[in-house]
> 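The following block contains the structure, expressed as structure tokens.
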Amino acid sequence: MDDWQRKSPLDWDQYVNKMVKVAGVEKQEYEGWVLTVDPISASIILATFLEDDKVSITIVLGHAVQEVAILKEADDEMKQRLSCIFAPEESKAYSPEELEKRKNDLKAWLETNHIPVTEQGEAGRTLCVAGVLTIDPPYSPEECSSANEIILSRVQGLIKGYFENQQ
């Protein structure tokens, strides 16, 4: 195998959502599902599912990786489990269809009120308001993020009012 750190992000992408065995320096071995590979350090983030639906996360630093062997591919159910590991607890309460509906309803409401909003990020999951504020799933006021405190406060207030009127 080529030197792990010299691979490109496209090369590393083929390992995501796969069960792998990583041989490290000093004969260390790690096994788990690849969540991601850091493109700067070449570090591998591995997830291992334990009892009681708990997850163990292991980070193998890029400089310590000697060899990576793919053991098996993830099925659709495993891909879904892996994608939800770092999702906020609130978003786990919603099905993907419910999250999509919440996003579309909020986006339509913002547009109706002449607030410019676009979709961005992985599969358009994040809403971007006026290019200065983002709203992540489950699209509640707490999921808003902006460096501009005034805009953040006002948009959070609008969204809070929107959801209160929906109930």
Side-chain angles (χ1 to χ4, degrees), residues 8-20 32-62 72-167:
S8 74
L10 290 174
D11 294 330
W12 291 321
D13 190 49
Q14 70 180 337
Y15 294 93
V16 174
N17 291 333
K18 306 235 175 33
M19 172 68 84
V20 299
W33 294 95
V34 178
L35 289 173
T36 190
V37 178
D38 177 54
I40 305 299
S41 67
S43 298
I44 304 173
I45 312 327
L46 298 174
T48 307
F49 293 96
L50 307 173
E51 299 166 9
D52 303 330
D53 285 333
K54 298 209 188 268
V55 179
S56 171
I57 302 295
T58 305
I59 300 172
V60 183
L61 300 179
K72 77 178 184 184
E73 302 263 342
D75 58 16
D76 289 338
E77 181 183 336
M78 182 55 71
K79 287 179 183 177
Q80 179 66 28
R81 285 181 75 187
L82 292 168
S83 71
C84 291
I85 288 177
F86 292 116
E89 282 300 316
E90 306 86 49
S91 70
K92 291 180 183 174
Y94 298 100
S95 71
E97 294 80 20
E98 290 171 321
L99 283 175
E100 186 69 20
K101 181 177 178 353
R102 282 178 65 95
K103 178 186 77 169
N104 291 335
D105 290 350
L106 179 59
K107 182 181 178 191
W109 182 81
L110 290 168
E111 289 171 339
T112 300
N113 288 283
H114 307 290
I115 298 171
V117 61
T118 58
E119 296 179 15
Q120 68 180 29
E122 175 190 320
R125 290 184 46 163
T126 300
L127 293 177
C128 182
V129 177
V132 295
L133 180 137
T134 59
I135 310 168
D136 291 313
Y139 309 104
S140 62
E142 296 80 26
E143 306 310 319
C144 294
S145 177
S146 176
N148 186 319
E149 293 289 326
I150 295 168
I151 292 174
L152 177 63
S153 174
R154 289 188 180 165
V155 172
Q156 283 178 319
L158 286 171
I159 295 172
K160 186 176 182 185
Y162 165 74
F163 282 118
E164 286 172 356
N165 289 336
Q166 295 297 307
Q167 296 173 346

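Only this structure's heavy atoms are used, side chains among them; waters, hydrogens and symmetry mates stay out.
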> Taking the side chain as everything from C-beta on, heavy atoms only, tell me whether Glu143 gets closer than 4.5 Å to Pro138.
yes
> Tell me which donor-acceptor pairs under 3.5 Å the side chains of residues 105-114 have, and how far apart each pair is, sequence neighbours excluded?
unit_1: Asp105; atom_1: OD2; unit_2: Lys101; atom_2: NZ; d: 2.7
unit_1: Lys107; atom_1: NZ; unit_2: Glu119; atom_2: OE2; d: 3.4
unit_1: Thr112; atom_1: OG1; unit_2: Ala108; atom_2: O; d: 2.8
unit_1: Asn113; atom_1: ND2; unit_2: Trp109; atom_2: O; d: 2.8

> Side-chain contact test, heavy atoms from C-beta onward, threshold under 4.5 Å: evaluate it for Leu152 versus Gln156 and give yes or no.
yes
> Within the structure provided, determine whether Leu50 and Asp52 are in side-chain contact (heavy-atom separation under 4.5 Å).
no
> How many angstroms lie between CG in Asp13 and NZ in Lys18, if you round to the nearest 0.5 Å?
8.0 Å
> Given side chains that start at C-beta, do those of Ser146 and Val155 come closer than 4.5 Å, heavy atoms only?
no
> Donor-acceptor pairs are to be reported for all side-chain atoms of residues 35-49 against protein atoms at under 3.5 Å, with residues two or more places apart or in another chain.
unit_1: Asp38; atom_1: OD2; unit_2: Ser41; atom_2: N; d: 2.7
unit_1: Asp38; atom_1: OD2; unit_2: Ser41; atom_2: OG; d: 2.6
unit_1: Ser41; atom_1: OG; unit_2: Ser43; atom_2: N; d: 3.3
unit_1: Ser41; atom_1: OG; unit_2: Ser43; atom_2: OG; d: 2.8
unit_1: Ser43; atom_1: OG; unit_2: Gly62; atom_2: N; d: 3.2
unit_1: Thr48; atom_1: OG1; unit_2: Glu31; atom_2: O; d: 3.4

> With the side chain counted from C-beta on, respond yes when Val117 and Ile135 share a heavy-atom pair under 4.5 Å apart, and no when they do not.
no
> Would you please name every residue forming a side chain to side chain contact (heavy atoms under 4.5 Å, CB included) with Thr134, sequence neighbours left out?
Gln120, Thr126, Ser145
> For a quick test of reading the model, state the closest non-hydrogen atom pair linking Tyr15 to Val34 and the distance between them.
O-CB, 3.2 Å
> Taking all non-hydrogen atoms of both residues into account, name the closest pair between Asp11 and Gln14 and its distance.
O-CG, 2.9 Å
> Determine the minimum heavy-atom distance between Arg102 and Phe163, stating which atoms define it.
NH2-CZ, 3.4 Å
> If only atom types and distance count, is the side chain of Asn104 paired as donor or acceptor with the main-chain N or O of Glu100 below 3.5 Å?
yes
> Using modelled atom types only, decide if a donor and an acceptor are shared between the side chain of Ser153 and the backbone of Ile150 within a distance under 3.5 Å.
no
> Nearest 0.5 Å, please: how far is CD in Glu149 from CD1 in Ile151?
10.5 Å
